[in-house]
Amino acid sequence: MDWKNFDLLESYKRLEAIGEAVNVKEVMAGENGAKRVKEYQVPMSNGMTYCYAAKQVDDKLLGILQGLADEAELTQKYEALYNGAVINTGEKRLVLHQLTRSQLGEDVIADGVNKREFYVAQQKRAAEFANKVHAGEIVNEDGEKFTTAVQIGIGGSDLGPRALYLSLENWAKVNGTHKMEAKFISNVDPDDASAVLASIDVAHSIFVLVSKSGTTLETLTNETFVKDALKKAGLDPSKHMVAVTSETSPLAGNADYLDSFYMDDYIGGRYSSTSAVGGVILSLAFGPEVFGRILDGCAAEDALAKNADIKKNPALLDALIGVYERNFLGYNSTAVLPYSQGLSRFPAHLQQLDMESNGKSVNRFGEAISYVTGPAIFGEPGTNGQHSFYQLLHQGTGIIPLQFVGFRKNQMNNDVVIQGSTSQQKLCANVAAQIMAFACGKDDENRNKYFEGGRPSSIIVGDQLNPETLGALLAHFENKVMFQGFIWNINSFDQEGVQLGKVLAKKVLAKDTDGALTEYSKLLGIF
(Lines give C-alpha, C1' and ligand atoms only; values in the text may rest on other atoms or scores of the structure.)
Protein backbone atom coordinates (compact mmCIF):
# COMPACT_ATOMS: atom_id res chain seq x y z
CA MET A 1 0.00 0.00 0.00
CA ASP A 2 1.05 3.54 -0.72
CA TRP A 3 0.11 6.28 1.75
CA LYS A 4 0.09 9.56 -0.20
CA ASN A 5 -1.28 12.98 0.59
CA PHE A 6 -4.60 13.55 -1.14
CA ASP A 7 -3.36 16.40 -3.34
CA LEU A 8 -0.62 14.21 -4.80
CA LEU A 9 -3.14 11.82 -6.36
CA GLU A 10 -4.14 12.05 -10.01
CA SER A 11 -7.76 11.80 -8.90
CA TYR A 12 -7.37 15.04 -6.94
CA LYS A 13 -6.52 16.89 -10.15
CA ARG A 14 -9.48 15.33 -11.96
CA LEU A 15 -11.83 16.41 -9.18
CA GLU A 16 -10.39 19.93 -9.24
CA ALA A 17 -11.08 20.13 -12.94
CA ILE A 18 -14.68 18.92 -12.80
CA GLY A 19 -15.89 21.51 -10.26
CA GLU A 20 -19.61 21.31 -9.57
CA ALA A 21 -20.75 18.23 -11.46
CA VAL A 22 -24.49 18.94 -11.56
CA ASN A 23 -27.01 21.51 -10.39
CA VAL A 24 -29.22 19.77 -7.84
CA LYS A 25 -32.09 22.15 -8.51
CA GLU A 26 -32.13 21.21 -12.18
CA VAL A 27 -31.63 17.45 -11.94
CA MET A 28 -34.15 16.90 -9.16
CA ALA A 29 -37.05 18.65 -10.91
CA GLY A 30 -39.86 16.77 -12.69
CA GLU A 31 -39.55 13.26 -14.07
CA ASN A 32 -35.76 13.49 -14.22
CA GLY A 33 -35.77 13.77 -10.45
CA ALA A 34 -38.03 10.75 -10.12
CA LYS A 35 -35.65 8.76 -12.31
CA ARG A 36 -32.64 9.83 -10.24
CA VAL A 37 -34.25 8.71 -6.98
CA LYS A 38 -34.78 5.24 -8.44
CA GLU A 39 -31.28 4.99 -9.92
CA TYR A 40 -29.08 6.69 -7.32
CA GLN A 41 -29.51 4.14 -4.55
CA VAL A 42 -27.16 1.64 -2.91
CA PRO A 43 -28.52 -1.27 -0.84
CA MET A 44 -27.30 -1.48 2.74
CA SER A 45 -27.65 -4.46 5.04
CA ASN A 46 -30.81 -5.33 6.95
CA GLY A 47 -33.12 -3.94 4.27
CA MET A 48 -31.78 -0.39 4.45
CA THR A 49 -30.98 1.87 1.51
CA TYR A 50 -28.55 4.74 0.98
CA CYS A 51 -30.07 7.17 -1.56
CA TYR A 52 -27.88 9.97 -2.92
CA ALA A 53 -30.12 11.28 -5.70
CA ALA A 54 -30.14 14.81 -4.30
CA LYS A 55 -26.35 15.04 -4.23
CA GLN A 56 -24.34 17.01 -6.82
CA VAL A 57 -23.15 13.90 -8.61
CA ASP A 58 -23.57 12.31 -12.01
CA ASP A 59 -22.15 9.23 -13.70
CA LYS A 60 -19.01 11.07 -14.82
CA LEU A 61 -18.24 12.19 -11.28
CA LEU A 62 -18.99 8.71 -9.94
CA GLY A 63 -16.40 7.36 -12.35
CA ILE A 64 -13.81 9.78 -11.00
CA LEU A 65 -14.74 8.87 -7.41
CA GLN A 66 -14.33 5.19 -8.27
CA GLY A 67 -10.93 6.06 -9.66
CA LEU A 68 -10.07 7.84 -6.42
CA ALA A 69 -11.12 4.80 -4.37
CA ASP A 70 -8.94 2.58 -6.54
CA GLU A 71 -5.95 4.93 -6.66
CA ALA A 72 -5.99 5.54 -2.90
CA GLU A 73 -6.38 1.78 -2.29
CA LEU A 74 -9.19 2.41 0.15
CA THR A 75 -10.58 -1.11 0.47
CA GLN A 76 -7.05 -2.51 0.60
CA LYS A 77 -6.29 -0.21 3.52
CA TYR A 78 -9.49 -1.34 5.21
CA GLU A 79 -8.37 -4.93 4.71
CA ALA A 80 -5.00 -4.13 6.27
CA LEU A 81 -6.80 -2.52 9.21
CA TYR A 82 -9.01 -5.49 10.06
CA ASN A 83 -6.12 -7.89 9.52
CA GLY A 84 -4.11 -6.16 12.24
CA ALA A 85 -1.85 -3.57 10.59
CA VAL A 86 -0.59 -0.66 12.71
CA ILE A 87 -3.02 1.87 11.25
CA ASN A 88 -2.97 4.21 14.29
CA THR A 89 0.46 5.63 13.51
CA GLY A 90 0.27 8.38 16.15
CA GLU A 91 0.11 5.86 19.00
CA LYS A 92 1.65 2.94 17.06
CA ARG A 93 -1.43 0.77 17.63
CA LEU A 94 -3.69 -1.60 15.77
CA VAL A 95 -7.30 -0.53 15.11
CA LEU A 96 -9.65 -3.40 15.94
CA HIS A 97 -13.16 -2.18 16.73
CA GLN A 98 -14.60 -4.14 13.78
CA LEU A 99 -13.19 -7.28 15.39
CA THR A 100 -15.58 -6.87 18.32
CA ARG A 101 -18.46 -7.84 16.06
CA SER A 102 -17.05 -10.21 13.41
CA GLN A 103 -13.99 -11.90 11.96
CA LEU A 104 -13.58 -10.07 8.65
CA GLY A 105 -10.23 -11.56 7.68
CA GLU A 106 -7.23 -13.26 9.20
CA ASP A 107 -6.70 -14.04 12.87
CA VAL A 108 -5.22 -11.02 14.62
CA ILE A 109 -2.67 -11.97 17.23
CA ALA A 110 -1.42 -9.12 19.43
CA ASP A 111 0.39 -9.30 22.77
CA GLY A 112 0.30 -13.08 22.37
CA VAL A 113 -3.52 -13.10 22.31
CA ASN A 114 -6.05 -13.86 19.59
CA LYS A 115 -7.94 -10.58 19.76
CA ARG A 116 -11.22 -11.87 18.34
CA GLU A 117 -11.27 -14.58 21.00
CA PHE A 118 -10.46 -11.96 23.64
CA TYR A 119 -13.36 -9.68 22.61
CA VAL A 120 -15.82 -12.58 22.39
CA ALA A 121 -14.73 -13.80 25.82
CA GLN A 122 -15.43 -10.38 27.32
CA GLN A 123 -18.84 -10.30 25.64
CA LYS A 124 -19.64 -13.71 27.12
CA ARG A 125 -18.54 -12.56 30.56
CA ALA A 126 -20.71 -9.44 30.29
CA ALA A 127 -23.63 -11.58 29.13
CA GLU A 128 -23.25 -14.00 32.04
CA PHE A 129 -23.05 -11.11 34.49
CA ALA A 130 -26.15 -9.41 33.04
CA ASN A 131 -28.12 -12.66 33.08
CA LYS A 132 -27.23 -13.21 36.74
CA VAL A 133 -28.35 -9.68 37.60
CA HIS A 134 -31.63 -10.20 35.75
CA ALA A 135 -32.18 -13.58 37.40
CA GLY A 136 -31.56 -12.20 40.90
CA GLU A 137 -28.36 -14.19 41.39
CA ILE A 138 -26.40 -10.97 41.83
CA VAL A 139 -28.30 -8.70 44.22
CA ASN A 140 -27.85 -5.82 46.63
CA GLU A 141 -27.08 -6.12 50.34
CA ASP A 142 -30.72 -6.84 51.19
CA GLY A 143 -30.96 -9.64 48.63
CA GLU A 144 -33.09 -7.50 46.32
CA LYS A 145 -32.79 -7.17 42.58
CA PHE A 146 -31.06 -4.27 40.91
CA THR A 147 -33.51 -2.26 38.77
CA THR A 148 -31.29 0.49 37.34
CA ALA A 149 -27.86 0.52 35.70
CA VAL A 150 -25.83 3.75 35.64
CA GLN A 151 -22.83 4.24 33.36
CA ILE A 152 -20.08 6.58 34.61
CA GLY A 153 -17.83 7.65 31.78
CA ILE A 154 -17.09 10.53 29.42
CA GLY A 155 -16.50 10.97 25.69
CA GLY A 156 -16.64 7.62 23.94
CA SER A 157 -17.51 5.94 27.23
CA ASP A 158 -20.73 7.95 27.27
CA LEU A 159 -21.81 9.28 23.89
CA GLY A 160 -22.00 6.04 21.91
CA PRO A 161 -23.54 3.81 24.61
CA ARG A 162 -25.99 6.56 25.60
CA ALA A 163 -27.04 7.09 21.96
CA LEU A 164 -27.54 3.34 21.47
CA TYR A 165 -29.53 2.97 24.68
CA LEU A 166 -31.88 5.83 23.80
CA SER A 167 -32.22 4.46 20.27
CA LEU A 168 -33.68 1.18 21.54
CA GLU A 169 -35.27 2.13 24.86
CA ASN A 170 -38.81 2.45 23.49
CA TRP A 171 -38.40 -0.45 21.05
CA ALA A 172 -37.28 -2.71 23.91
CA LYS A 173 -40.20 -1.73 26.13
CA VAL A 174 -42.70 -2.63 23.40
CA ASN A 175 -40.90 -5.87 22.53
CA GLY A 176 -40.49 -7.09 26.11
CA THR A 177 -36.69 -6.89 26.21
CA HIS A 178 -36.28 -3.85 28.46
CA LYS A 179 -34.67 -5.38 31.54
CA MET A 180 -33.39 -2.34 33.45
CA GLU A 181 -33.48 1.43 33.21
CA ALA A 182 -30.14 2.92 32.18
CA LYS A 183 -28.79 6.30 33.23
CA PHE A 184 -25.54 8.05 32.36
CA ILE A 185 -23.21 10.33 34.30
CA SER A 186 -20.52 12.02 32.22
CA ASN A 187 -19.97 15.71 32.93
CA VAL A 188 -17.61 16.66 35.76
CA ASP A 189 -20.14 19.38 36.55
CA PRO A 190 -21.52 18.22 39.92
CA ASP A 191 -25.04 19.01 38.76
CA ASP A 192 -24.87 16.06 36.34
CA ALA A 193 -24.10 13.42 38.95
CA SER A 194 -26.41 15.07 41.48
CA ALA A 195 -29.35 15.07 39.09
CA VAL A 196 -28.90 11.41 38.15
CA LEU A 197 -28.46 10.30 41.76
CA ALA A 198 -31.57 12.23 42.77
CA SER A 199 -33.59 10.47 40.06
CA ILE A 200 -32.76 6.88 41.08
CA ASP A 201 -33.03 4.53 44.02
CA VAL A 202 -29.33 4.00 44.75
CA ALA A 203 -30.05 0.91 46.85
CA HIS A 204 -31.33 -0.84 43.72
CA SER A 205 -28.78 0.61 41.28
CA ILE A 206 -25.64 -0.92 39.84
CA PHE A 207 -22.94 1.43 38.54
CA VAL A 208 -20.69 0.74 35.55
CA LEU A 209 -17.44 2.71 35.81
CA VAL A 210 -15.78 3.02 32.38
CA SER A 211 -12.19 4.19 32.02
CA LYS A 212 -9.65 2.38 29.86
CA SER A 213 -6.68 3.89 31.71
CA GLY A 214 -8.37 3.97 35.09
CA THR A 215 -7.11 7.55 35.49
CA THR A 216 -9.67 9.70 33.63
CA LEU A 217 -10.15 12.73 35.89
CA GLU A 218 -13.82 13.41 35.16
CA THR A 219 -14.79 9.76 35.51
CA LEU A 220 -12.92 9.19 38.77
CA THR A 221 -14.37 12.42 40.17
CA ASN A 222 -17.88 11.19 39.37
CA GLU A 223 -17.06 7.78 40.83
CA THR A 224 -16.22 9.50 44.11
CA PHE A 225 -19.51 11.38 43.89
CA VAL A 226 -21.37 8.08 43.51
CA LYS A 227 -19.44 6.28 46.24
CA ASP A 228 -20.16 9.16 48.58
CA ALA A 229 -23.90 8.88 47.84
CA LEU A 230 -23.82 5.13 48.42
CA LYS A 231 -22.00 5.49 51.74
CA LYS A 232 -24.44 8.17 52.90
CA ALA A 233 -27.25 5.70 52.13
CA GLY A 234 -25.53 3.13 54.35
CA LEU A 235 -24.48 1.00 51.36
CA ASP A 236 -21.21 -0.70 50.48
CA PRO A 237 -19.98 0.76 47.14
CA SER A 238 -18.10 -2.45 46.29
CA LYS A 239 -21.45 -4.27 46.16
CA HIS A 240 -22.85 -1.78 43.64
CA MET A 241 -20.04 -1.12 41.14
CA VAL A 242 -18.35 -2.86 38.23
CA ALA A 243 -15.46 -1.57 36.12
CA VAL A 244 -14.86 -1.59 32.37
CA THR A 245 -11.18 -0.94 31.86
CA SER A 246 -7.92 -2.33 30.52
CA GLU A 247 -6.26 -5.33 32.14
CA THR A 248 -3.32 -3.14 33.20
CA SER A 249 -5.31 -0.31 34.83
CA PRO A 250 -5.63 0.15 38.61
CA LEU A 251 -9.32 -0.71 38.29
CA ALA A 252 -8.65 -4.22 36.96
CA GLY A 253 -9.39 -7.02 39.41
CA ASN A 254 -9.85 -4.46 42.16
CA ALA A 255 -11.77 -5.56 45.27
CA ASP A 256 -13.66 -2.26 45.18
CA TYR A 257 -15.76 -3.66 42.31
CA LEU A 258 -18.09 -6.60 41.89
CA ASP A 259 -16.33 -7.48 38.63
CA SER A 260 -14.09 -6.04 35.92
CA PHE A 261 -14.60 -6.31 32.15
CA TYR A 262 -11.81 -5.56 29.76
CA MET A 263 -11.03 -3.63 26.61
CA ASP A 264 -7.61 -2.76 25.19
CA ASP A 265 -5.60 -0.01 23.54
CA TYR A 266 -6.60 -1.17 20.06
CA ILE A 267 -10.11 0.28 20.40
CA GLY A 268 -10.46 4.06 20.62
CA GLY A 269 -13.16 5.53 22.85
CA ARG A 270 -15.43 6.80 20.07
CA TYR A 271 -15.25 3.38 18.39
CA SER A 272 -15.85 1.44 21.61
CA SER A 273 -19.64 1.04 21.74
CA THR A 274 -19.42 -2.55 20.47
CA SER A 275 -16.76 -3.48 23.03
CA ALA A 276 -17.35 -3.99 26.75
CA VAL A 277 -17.78 -0.19 26.99
CA GLY A 278 -21.22 -0.55 25.43
CA GLY A 279 -21.67 -4.26 25.97
CA VAL A 280 -22.00 -4.24 29.76
CA ILE A 281 -24.53 -1.40 30.07
CA LEU A 282 -26.57 -2.46 27.01
CA SER A 283 -26.63 -6.11 28.10
CA LEU A 284 -27.87 -5.01 31.52
CA ALA A 285 -30.48 -2.71 29.98
CA PHE A 286 -31.80 -4.92 27.16
CA GLY A 287 -30.32 -8.36 27.67
CA PRO A 288 -27.29 -9.89 25.94
CA GLU A 289 -29.37 -11.13 22.99
CA VAL A 290 -30.31 -7.60 21.95
CA PHE A 291 -26.70 -6.45 22.26
CA GLY A 292 -25.74 -9.41 20.07
CA ARG A 293 -28.24 -8.27 17.45
CA ILE A 294 -26.63 -4.81 17.40
CA LEU A 295 -23.29 -6.52 16.77
CA ASP A 296 -24.85 -8.54 13.94
CA GLY A 297 -26.11 -5.33 12.33
CA CYS A 298 -22.63 -3.84 12.54
CA ALA A 299 -21.01 -6.98 11.16
CA ALA A 300 -23.25 -7.06 8.09
CA GLU A 301 -22.40 -3.45 7.27
CA ASP A 302 -18.69 -4.04 7.92
CA ALA A 303 -18.80 -6.84 5.35
CA LEU A 304 -20.35 -4.52 2.74
CA ALA A 305 -17.50 -2.05 3.31
CA LYS A 306 -15.08 -4.60 1.83
CA ASN A 307 -16.54 -4.16 -1.68
CA ALA A 308 -14.25 -2.28 -4.09
CA ASP A 309 -17.21 -1.21 -6.26
CA ILE A 310 -18.43 2.07 -4.78
CA LYS A 311 -21.97 1.41 -6.06
CA LYS A 312 -22.05 -1.67 -3.82
CA ASN A 313 -20.33 -0.08 -0.84
CA PRO A 314 -22.58 2.56 0.79
CA ALA A 315 -20.09 3.72 3.43
CA LEU A 316 -17.36 4.17 0.84
CA LEU A 317 -19.64 6.06 -1.56
CA ASP A 318 -20.90 8.28 1.27
CA ALA A 319 -17.29 9.00 2.23
CA LEU A 320 -16.23 9.86 -1.32
CA ILE A 321 -19.15 12.22 -1.89
CA GLY A 322 -18.39 13.89 1.44
CA VAL A 323 -14.75 14.45 0.44
CA TYR A 324 -15.87 15.91 -2.91
CA GLU A 325 -18.18 18.32 -1.08
CA ARG A 326 -15.57 19.28 1.51
CA ASN A 327 -12.51 19.68 -0.68
CA PHE A 328 -13.90 20.79 -4.04
CA LEU A 329 -17.25 22.44 -3.32
CA GLY A 330 -16.03 24.16 -0.16
CA TYR A 331 -18.74 23.02 2.25
CA ASN A 332 -17.55 23.30 5.85
CA SER A 333 -20.31 21.48 7.76
CA THR A 334 -22.67 18.54 7.54
CA ALA A 335 -26.06 18.36 9.25
CA VAL A 336 -27.20 14.92 10.45
CA LEU A 337 -31.01 14.88 10.54
CA PRO A 338 -32.59 11.65 11.88
CA TYR A 339 -36.37 11.53 11.58
CA SER A 340 -36.69 9.18 14.54
CA GLN A 341 -37.01 10.29 18.15
CA GLY A 342 -34.97 7.28 19.23
CA LEU A 343 -31.95 8.75 17.45
CA SER A 344 -32.11 11.95 19.51
CA ARG A 345 -28.49 11.61 20.69
CA PHE A 346 -27.09 9.93 17.58
CA PRO A 347 -25.91 13.24 16.04
CA ALA A 348 -24.00 13.97 19.27
CA HIS A 349 -22.23 10.61 18.97
CA LEU A 350 -21.42 11.34 15.31
CA GLN A 351 -19.99 14.73 16.30
CA GLN A 352 -17.33 13.00 18.36
CA LEU A 353 -16.86 10.13 15.92
CA ASP A 354 -16.25 12.41 12.94
CA MET A 355 -14.71 15.53 14.44
CA GLU A 356 -12.38 13.80 16.91
CA SER A 357 -11.27 11.37 14.19
CA ASN A 358 -10.78 13.67 11.21
CA GLY A 359 -10.22 17.07 12.79
CA LYS A 360 -6.54 16.89 11.86
CA SER A 361 -4.10 19.21 10.07
CA VAL A 362 -1.12 16.87 9.75
CA ASN A 363 -0.83 13.63 7.81
CA ARG A 364 -0.17 10.15 9.16
CA PHE A 365 3.54 10.98 9.41
CA GLY A 366 3.15 14.24 11.33
CA GLU A 367 3.66 16.50 8.30
CA ALA A 368 1.47 19.55 7.67
CA ILE A 369 -1.11 19.16 4.90
CA SER A 370 -2.35 21.86 2.54
CA TYR A 371 -5.97 20.78 2.09
CA VAL A 372 -9.00 20.82 4.37
CA THR A 373 -10.09 17.72 6.28
CA GLY A 374 -13.11 16.84 8.44
CA PRO A 375 -16.27 19.00 8.45
CA ALA A 376 -18.14 20.25 11.49
CA ILE A 377 -21.03 17.91 12.35
CA PHE A 378 -24.28 18.93 14.02
CA GLY A 379 -27.90 17.87 14.05
CA GLU A 380 -31.19 17.25 15.82
CA PRO A 381 -34.11 14.92 15.16
CA GLY A 382 -36.82 15.96 12.72
CA THR A 383 -39.33 17.48 12.95
CA ASN A 384 -37.90 19.42 15.93
CA GLY A 385 -34.98 20.69 13.88
CA GLN A 386 -37.35 22.10 11.27
CA HIS A 387 -38.56 24.57 13.89
CA SER A 388 -35.01 25.42 14.93
CA PHE A 389 -32.04 25.71 12.56
CA TYR A 390 -33.61 24.72 9.21
CA GLN A 391 -34.15 28.42 8.51
CA LEU A 392 -30.41 28.80 8.03
CA LEU A 393 -30.19 25.56 6.06
CA HIS A 394 -32.88 26.76 3.62
CA GLN A 395 -32.15 30.48 3.27
CA GLY A 396 -28.75 31.09 4.84
CA THR A 397 -25.90 32.48 2.79
CA GLY A 398 -23.94 29.23 2.77
CA ILE A 399 -24.72 25.67 1.74
CA ILE A 400 -24.58 22.86 4.29
CA PRO A 401 -24.92 19.27 3.00
CA LEU A 402 -27.60 17.24 4.73
CA GLN A 403 -27.67 13.62 5.88
CA PHE A 404 -31.22 12.43 6.53
CA VAL A 405 -32.15 9.16 8.24
CA GLY A 406 -35.73 7.89 8.12
CA PHE A 407 -37.84 4.81 8.86
CA ARG A 408 -41.16 3.69 7.39
CA LYS A 409 -42.49 2.42 10.73
CA ASN A 410 -42.31 3.78 14.26
CA GLN A 411 -40.88 1.79 17.16
CA MET A 412 -43.81 1.58 19.56
CA ASN A 413 -46.55 0.43 17.18
CA ASN A 414 -48.76 3.19 18.52
CA ASP A 415 -50.26 5.90 16.33
CA VAL A 416 -53.37 7.93 15.63
CA VAL A 417 -55.07 9.21 12.51
CA ILE A 418 -55.40 12.99 12.42
CA GLN A 419 -56.76 14.85 9.39
CA GLY A 420 -56.62 11.72 7.26
CA SER A 421 -53.06 10.53 8.03
CA THR A 422 -51.11 8.98 10.88
CA SER A 423 -48.34 10.69 12.83
CA GLN A 424 -45.79 8.39 11.18
CA GLN A 425 -47.08 9.34 7.74
CA LYS A 426 -46.78 13.00 8.70
CA LEU A 427 -43.22 12.40 9.88
CA CYS A 428 -42.22 10.65 6.64
CA ALA A 429 -44.02 13.28 4.56
CA ASN A 430 -41.86 15.91 6.22
CA VAL A 431 -38.68 14.02 5.27
CA ALA A 432 -39.68 13.77 1.61
CA ALA A 433 -40.85 17.38 1.54
CA GLN A 434 -37.67 18.71 3.13
CA ILE A 435 -35.41 16.84 0.69
CA MET A 436 -37.26 18.35 -2.27
CA ALA A 437 -37.55 21.80 -0.70
CA PHE A 438 -33.81 21.88 -0.08
CA ALA A 439 -33.07 20.61 -3.58
CA CYS A 440 -35.50 22.62 -5.71
CA GLY A 441 -36.34 25.65 -3.61
CA LYS A 442 -39.17 28.02 -4.56
CA ASP A 443 -39.36 31.06 -6.82
CA ASP A 444 -41.11 34.11 -5.41
CA GLU A 445 -41.05 37.78 -6.30
CA ASN A 446 -40.93 38.50 -2.58
CA ARG A 447 -37.26 37.83 -1.85
CA ASN A 448 -38.08 37.04 1.76
CA LYS A 449 -40.10 34.07 0.53
CA TYR A 450 -37.65 33.01 -2.17
CA PHE A 451 -35.80 29.70 -1.68
CA GLU A 452 -32.70 29.33 -3.83
CA GLY A 453 -32.62 25.54 -3.57
CA GLY A 454 -29.55 23.62 -4.67
CA ARG A 455 -29.00 22.27 -1.15
CA PRO A 456 -27.60 18.72 -1.49
CA SER A 457 -28.74 15.83 0.68
CA SER A 458 -28.67 12.07 1.02
CA ILE A 459 -30.91 9.78 3.02
CA ILE A 460 -30.58 6.41 4.70
CA VAL A 461 -33.96 4.68 4.80
CA GLY A 462 -34.97 1.59 6.75
CA ASP A 463 -38.15 -0.18 7.74
CA GLN A 464 -37.82 0.34 11.50
CA LEU A 465 -35.18 1.37 14.01
CA ASN A 466 -34.31 -1.92 15.73
CA PRO A 467 -31.09 -3.57 16.96
CA GLU A 468 -29.96 -4.70 13.50
CA THR A 469 -30.65 -1.42 11.70
CA LEU A 470 -29.09 0.53 14.57
CA GLY A 471 -25.95 -1.56 14.28
CA ALA A 472 -25.89 -1.00 10.54
CA LEU A 473 -26.17 2.77 11.03
CA LEU A 474 -23.37 2.76 13.59
CA ALA A 475 -21.00 0.78 11.37
CA HIS A 476 -21.91 2.82 8.27
CA PHE A 477 -20.75 6.05 9.86
CA GLU A 478 -17.70 4.50 11.51
CA ASN A 479 -16.61 3.15 8.13
CA LYS A 480 -17.42 6.42 6.34
CA VAL A 481 -15.14 8.30 8.74
CA MET A 482 -12.42 5.66 8.31
CA PHE A 483 -12.47 5.88 4.51
CA GLN A 484 -12.35 9.68 4.59
CA GLY A 485 -9.32 9.55 6.88
CA PHE A 486 -7.62 7.21 4.41
CA ILE A 487 -8.31 9.64 1.56
CA TRP A 488 -6.94 12.61 3.50
CA ASN A 489 -3.95 10.51 4.61
CA ILE A 490 -4.55 11.40 8.25
CA ASN A 491 -4.69 9.26 11.37
CA SER A 492 -8.37 8.96 12.31
CA PHE A 493 -7.61 6.95 15.44
CA ASP A 494 -5.78 9.24 17.84
CA GLN A 495 -7.01 12.44 19.50
CA GLU A 496 -4.14 14.60 20.63
CA GLY A 497 -6.43 17.62 20.36
CA VAL A 498 -8.16 16.73 23.63
CA GLN A 499 -4.95 16.58 25.65
CA LEU A 500 -3.71 20.18 25.94
CA GLY A 501 -6.77 21.43 27.80
CA LYS A 502 -6.46 18.54 30.27
CA VAL A 503 -2.82 19.42 30.97
CA LEU A 504 -3.61 23.08 31.58
CA ALA A 505 -6.60 22.20 33.80
CA LYS A 506 -4.28 20.16 36.02
CA LYS A 507 -1.93 23.15 36.24
CA VAL A 508 -4.85 25.35 37.31
CA LEU A 509 -5.92 22.90 40.02
CA ALA A 510 -2.31 22.72 41.24
CA LYS A 511 -2.24 26.56 41.29
CA ASP A 512 0.71 26.41 38.89
CA THR A 513 -0.36 29.26 36.60
CA ASP A 514 0.68 32.66 35.38
CA GLY A 515 -0.52 35.41 33.07
CA ALA A 516 -4.00 35.20 31.58
CA LEU A 517 -4.49 31.64 32.84
CA THR A 518 -4.25 32.95 36.38
CA GLU A 519 -6.73 35.73 35.69
CA TYR A 520 -9.26 33.37 34.08
CA SER A 521 -8.89 31.08 37.10
CA LYS A 522 -9.66 34.01 39.41
CA LEU A 523 -12.60 35.07 37.22
CA LEU A 524 -14.07 31.60 37.59
CA GLY A 525 -13.57 31.54 41.34
CA ILE A 526 -11.03 28.71 41.44
CA PHE A 527 -8.61 30.80 43.53
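Numbers here are sequence positions counted from 1. This one's a predicted model, so the numbers in the text were calculated from it and none came from an experiment.
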Under the salt bridge (charged side-chain N to carboxylate O under 4.0 Å, His left out) rule, collect the residues that match up with [X], sequence neighbours excluded.
X	value
K480	D318
K232	D228
E181	K173

Determine whether the side chains of [X] and [Y] contain a donor N or O and an acceptor N or O closer than 3.5 Å.
X	Y	answer
S238	D236	yes
Q98	N479	yes
T373	N358	no
N222	T219	no

Between [atom1] on residue [X] and [atom2] on residue [Y], distance to nearest 0.5 Å:
X	Y	atom1	atom2	answer
L350	R270	CG	CZ	13.0 Å
F483	S492	CZ	OG	11.5 Å
Q424	T422	CD	OG1	6.5 Å

Kindly say whether the aromatic ring centers of Y78 and F486 come within a distance under 6.0 Å.
-> no

Considering only heavy atoms from C-beta outward, does the side chain of [X] approach that of [Y] to under 4.5 Å?
X	Y	value
P161	V277	yes
M48	L473	yes
E169	L166	yes
P314	L304	yes

May I ask you to check whether over 12 heavy atoms, not counting those of K426, lie within 6.0 Å of atom NZ?
->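 Yes, the 6.0 Å shell around NZ holds more than 12 heavy atoms from other groups.
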
Would you call the rings of F378 and F389 parallel, tilted or perpendicular, where under 30° means parallel and over 60° means perpendicular?
->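 Ring orientation, 0 to 90° scale: perpendicular.
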
With under 30° as parallel and over 60° as perpendicular, where do the rings of Y271 and H97 fit, or are they tilted in between?
->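 Y271 vs H97 ring planes: parallel.
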
Listed partners of F291 passing ring pair (Phe, Tyr, Trp, His ring centres under 6.0 Å), at least two apart = none

Can you pull the side chain to side chain donor-acceptor pair (under 3.5 Å) pairs that have at least one residue in residues 339-353, sequence neighbours excluded?
->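 Sorted result for residues 339-353: Y339-Q386, Y339-Y390, Q352-E356.
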
Ring pair (Phe, Tyr, Trp, His ring centres under 6.0 Å) contacts in which one or both residues fall within residues 201-243, not counting sequence neighbours =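 Ring pair (Phe, Tyr, Trp, His ring centres under 6.0 Å) check on residues 201-243 returns F146-H240.
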
